[in-house]
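Notes follow the structure.
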Amino acid sequence: MKPIYVAIVGLSNYFGAKIFKPGQFLRLVKDFENDYDGEAIMAILEPVGAVGYVANSVHTVPLGCYSAGRLYDTFDTFAYGIVRFVTKDVVIVEIIEQMQVEIYVDGEESLFNDNIDEDE
């Protein structure tokens with residue numbers, strides 16, 4: 001299947017482009033409470049938080065990218081993407097259709113300890 005790209009804009013309203021690096025994962029979340037755009041999709045970079053929005057204007061959507069309106073109906077509440085290109089004021093993200101995440105915890109004790117006496 002052909003990859004889907006979107007542009008993240010409005011970076012200067014948050015942390016700018018300097019926090020982005022190719023290969024980072026972003027969570028794209030529908031912003032149901034946005035009063036200005038009924039198809040607004042917010043970009044979130046963990047653990048930073050909101051970092052911009054998916055472009056949704058003929059003036060901000062680069063050639064070859066989907067607009068937020070075009071992407072909006074392709075997922076329920078959130079989707080994931082990976083940063084592919086970073087410019088001075090726009091980040092190009094490739095949408096990931098399926099993502100598997102493995103979480104490793106190093107040096108943590110089990111939450112359930114069967115050896116604890118109830119009297120202690």
hydrophobic_cluster_shared for F85 and L26, side chain cutoff 4.5 Å: no
Specify the closest pair of heavy atoms between Y14 and G10, including all atoms of both residues, with the distance to one decimal. CD1-O, 3.3 Å
Apply the test side chain to side chain contact (heavy atoms under 4.5 Å, CB included) to residues F15 and V48: give CA-CA distance (whole Å), side-chain angles for both, the deciding distance (0.1 Å), then the verdict. CA-CA 9 Å; F15 302 96; V48 176; 3.2 Å; yes
Can you name the closest pair of heavy atoms from F20 and Q24 and give their distance? CA-OE1, 3.0 Å
Between Y80 and I95, is any pair of side-chain heavy atoms under 4.5 Å apart? no
Cluster check V90, M42: I/L/V/M/F/W/Y, side chain < 4.5 angstrom: no
Is there a side-chain contact between D89 and V9 in this structure, where contact means two heavy atoms from C-beta onward sitting under 4.5 Å apart? no
For A40, does its backbone N or O pair with a side-chain atom of N34 as donor and acceptor, under 3.5 Å? no
Could you check if a side-chain atom of I41 sits within less than 4.5 angstrom of a side-chain atom of Y53, using non-hydrogen atoms only? no
What is the distance from atom OG1 of T87 to atom CD1 of I92, rounded to the nearest 0.5 Å? 7.0 Å
Working note: V54 + I8, criterion side chain to side chain contact (heavy atoms under 4.5 Å, CB included); need CA distance, chi angles, decisive distance, verdict. CA-CA 5 Å; V54 174; I8 306 302; 3.8 Å; yes
Verdict with supporting geometry, V91 and V51, side chain to side chain contact (heavy atoms under 4.5 Å, CB included): CA-CA 10 Å; V91 173; V51 292; over 6 Å; no
Check for me, please, whether F78 and Y66 land in the same ILVMFWY cluster - side-chain distances under 4.5 Å, paths through other members count. yes
Spacing of CD1 belonging to I96 relative to CD1 belonging to I4, to within rounding of 0.5 Å: 12.0 Å
What's the shortest heavy-atom distance between A17 and V86, and which atoms? O-CG1, 3.9 Å
Neighbour count above 12 (heavy atom, 6.0 Å) for F32 CZ: yes
Compare all side-chain heavy atoms of I44 with those of V29 and state whether any distance is below 4.5 angstrom. yes
Polar side-chain atom of K30 near backbone of D76 as donor-acceptor pair, under 3.5 Å: yes
Using the rule that Ile, Leu, Val, Met, Phe, Trp and Tyr join whenever any side-chain heavy atoms are under 4.5 Å apart, tell me whether V83 and V6 fall into a single cluster. yes
N56 side chain reached by E39 side chain, heavy atoms, under 4.5 Å: yes
Nearest 0.5 Å please: distance from the CG atom of L45 over to the CZ atom of F25. 11.5 Å
